[in-house]
Amino acid sequence: MNWSQLLVPVTSGVAVALIVATVRFLWRRTRLPTGLSQRMTRRNYLAEMLVISKNDNVDRLDALVPNLLPAEGSPVVAEIQESWSQLNDRRGVRVITRTEPTSLTAGAELLGAGIEVRVSRALTADHLSYHLFSGSEHHTVLNRRNGGKDRPERLDEISAAKVFRSHFDKTWSESEPIESFLAGELLAGSNAGLADRIREQRAAYQLSAEAQDAVLRHLAFRHRAPVVFVTGLPGAGKSLVRRALAEELRRWRMRVDELNDYVYAFEEFLHALMLLGDGRGAGFSAQEGGAFQVEHEDDLRPALHTLGHRVWENRRSNPITIVEFARADTIGALQVFGDEVLAASQIIHVRASDTERAARLARRGEPPKISVAGQSISLEVSDDHRLPSNAADTLYSRDDFALLKAQKNIAGRLFLVENDSDEKAHIDEQITAFVEAVVRPYRGLARI
């Protein structure tokens, strides 16, 4: 072996040693405990986190912090929360924490400041925590626990955040809004003690007025309106009301499923049209523009039963279900869903003048959209589907709101929306009034 052959491995070994030493030196200088995740032993941590949170080149934060701590007794943490609130006004702040009471208390503080917080039942105290600051600058602060000891670190490159961003998005989609989680805690007991549990929860988690009101909104709809029926004659504006209500509830971070019986009726129509021989779609006939006609309302009952089954399936996963349908006999149609569903439902009846309904129906006529992908054919129907004039005249000749109002079993749960105006603001005002009517009794419980 000559000297040049020996020199290469020796030089390489020295270089590796120097690189390792440099990385260790830099790691010791930059490592930071994770924000709000634990009581800190390094004095410079909170100050550094505050600097990042106030950085004008940062406009977004996603944080997974299993051991989130409240601001009580820590002015610096309170200042960080204030900085996060300001950061939230730019592109937003999202925080995931776990179900431990201290973490829930801290999460409720952030909720009260308008920050979106979700709870993951899968997280434990030993899970990795991290903060992903992004904007024109990118900073990742993470903390790895090993043998009960913290291994904090700070990374300032966008590439370092990509793997954490993917993990955060997945965990976020699987987690529950904190206000929904706290509402679920309140629903765990009997109705008789609900007022006491509301007060006890407020004290236990030190809920601000804003945080408690968010919880009460979720509680009210999950307890008193897990199903909202939107009824009325064709052309009254049911779809507009359904969409406006769904938009309002989602604004409060409720899980909402929108259902319309027309989809299931159209499925029955296709079975008959294609002569599949299974007996479905009896009484349906094709009309111009991709529409269908039925001679009797009973022909639509199978679609209503399918819709009712879907509503029952939803009750297991606890979303808010908004159900839209049009029937001449609304009372008979509601009975298909069963007494248990009706007892925990609200009904919004949409009404418009015959002249206005006729004008709207004349403007409608969007045909189904058909697309092909490989061996699959997809068909999408529109809320503005065509309704044959003879069906509008024979099946839906009168509005039955007066009969609905006379039903004792739905007293106090029927809300009328007048829709002779095409102004969406007019609908939004009435939807806001409906939401407030549902939530108001639970605010009353909180004051008892």
Side-chain angles (χ1 to χ4, degrees), residues 173 227-251 254-278 280-294 297 299-314 317 319-327 333 336-337 348 350 357 359-392 395-396 419 422 424 427 431:
S173 67
V227 179
V228 180
F229 292 102
V230 180
T231 64
L233 295 180
K238 298 184 302 301
S239 297
L240 180 63
V241 168
R242 186 200 77 223
R243 292 192 297 265
L245 176 59
E247 179 182 341
E248 176 69 6
L249 297 183
R250 289 183 181 122
R251 189 170 70 85
M254 297 185 198
R255 293 176 55 212
V256 179
D257 193 11
E258 301 175 62
L259 301 179
N260 186 332
D261 80 318
Y262 185 77
V263 176
Y264 303 104
F266 205 92
E267 182 186 19
E268 296 286 323
F269 164 55
L270 290 180
H271 272 259
L273 191 65
M274 292 187 290
L275 304 177
L276 293 179
D278 55 4
R280 296 175 59 179
F284 285 75
S285 60
Q287 300 287 305
E288 184 180 355
F292 62 79
Q293 164 82 348
V294 293
E297 192 167 271
D299 297 329
L300 297 171
R301 185 165 287 268
L304 205 60
H305 279 283
T306 304
L307 180 62
H309 181 71
R310 176 67 184 275
V311 172
W312 271 99
E313 287 181 339
N314 277 1
S317 55
I320 308 302
T321 306
I322 306 175
V323 185
E324 174 194 344
F325 65 85
R327 291 292 187 278
V336 170
F337 296 89
I348 299 177
V350 188
R357 288 196 309 104
R360 289 171 184 162
L361 290 175
R363 294 194 298 267
R364 279 171 36 170
E366 186 173 338
K369 296 178 182 178
I370 301 174
S371 59
V372 178
Q375 294 293 105
S376 300
I377 300 176
S378 299
L379 185 145
E380 180 182 355
V381 296
S382 168
D383 286 334
D384 292 324
H385 58 82
R386 183 175 179 272
L387 180 70
S389 57
N390 52 350
L395 291 181
Y396 308 108
N419 187 33
D422 285 329
K424 186 175 183 298
I427 294 296
I431 289 300

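Source: prediction; values computed, not measured.
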Practice problem: Search all heavy atoms of Gly232 against all heavy atoms of Ala326 and return the closest pair with its distance. | Solution: O-CB, 3.4 Å

Quiz item: Who are the side-chain hydrogen bond (donor to acceptor under 3.5 Å, both in side chains) partners of Arg327, not counting sequence neighbours?
Solution: Asp261

Practice problem: Go through the steps for Glu247 and Ile431 under the test side chain to side chain contact (heavy atoms under 4.5 Å, CB included), then give the verdict. | Solution: CA-CA 10 Å; Glu247 179 182 341; Ile431 289 300; over 6 Å; no

Quiz prompt | Test ring pair (Phe, Tyr, Trp, His ring centres under 6.0 Å) applied to Tyr396 - qualifying residues, sequence neighbours left out | solution = none

Quiz item: Considering residues at least two apart in sequence or located in another chain, which fulfil the side-chain hydrogen bond (donor to acceptor under 3.5 Å, both in side chains) criterion with His305?
Solution: none

Quiz item: Between Arg280 and Glu267, is there a side-chain N and carboxylate O pair less than 4.0 Å apart?
Solution: yes

Self-check item: Candidate list Thr231, Val241, Leu240, test side chain to side chain contact (heavy atoms under 4.5 Å, CB included), partner Val350, passing option
Solution: Val241

Practice problem: Can you see which heavy atom on Asn419 is nearest to which on Ala236, and at what distance? | Solution: ND2-O, 2.7 Å

Quiz item: Would you call Arg243 and Glu324 a salt bridge, using N to O less than 4.0 angstrom?
Solution: no

Quiz item: To the nearest 0.5 Å, how far apart are CG in Leu307 and CG in Leu300?
Solution: 12.0 Å

Practice problem: Without swapping roles, check the side chain of Arg386 against the backbone of Gln287 for a donor-acceptor pair under 3.5 Å. | Solution: no

Donor-acceptor pairs under 3.5 angstrom involving side-chain atoms of residues 361-370: please list them, not counting sequence neighbours.
unit_1: Arg364; atom_1: NE; unit_2: His385; atom_2: O; d: 3.1
unit_1: Arg364; atom_1: NH2; unit_2: His385; atom_2: O; d: 3.1
unit_1: Glu366; atom_1: OE1; unit_2: Ser382; atom_2: OG; d: 3.3

Exercise. Could you check Val311, Val227, Ile322 and say which one makes a side chain to side chain contact (heavy atoms under 4.5 Å, CB included) with Leu259?
Key: Val311

Exercise. Could you list the residues that satisfy salt bridge (Lys or Arg N to Asp or Glu O under 4.0 Å) with Arg357, not counting sequence neighbours?
Key: Asp354

Quiz item: What residues, two or more places apart in sequence or in another chain, satisfy ring pair (Phe, Tyr, Trp, His ring centres under 6.0 Å) together with Phe229?
Solution: Phe337

Quiz item: So how far is it from Leu233 CG to Lys238 NZ, rounded to the nearest 0.5 Å?
Solution: 7.5 Å

Quiz prompt | Arg251 and Glu248 ion-paired at < 4.0 Å | solution = yes

Quiz item: Parallel, tilted or perpendicular: which fits the ring planes of Phe292 and Phe269, with parallel below 30° and perpendicular above 60°?
Solution: tilted

Quiz prompt | Exam field: side chain Glu268 to backbone Gly281, donor-acceptor pair closer than 3.5 Å | solution = yes

Exercise. For residues Phe266 and Phe284, establish whether the separation of their ring centroids is below 6.0 Å.
Key: no

Practice problem: Please report the closest heavy-atom contact between Asp278 and His271, naming both atoms and the distance. | Solution: OD2-ND1, 2.6 Å

Quiz prompt | Minimal non-hydrogen separation, Ala244 against Ile427, with atom names | solution = CB-CG2, 4.0 Å

Self-check item: Pairwise distance OG1(Thr306) to CZ(Arg301) - rounded to 0.5 angstrom
Solution: 12.5 Å

Practice problem: State the CD-CG distance between Glu297 and Leu304, to the nearest 0.5 angstrom. | Solution: 9.0 Å

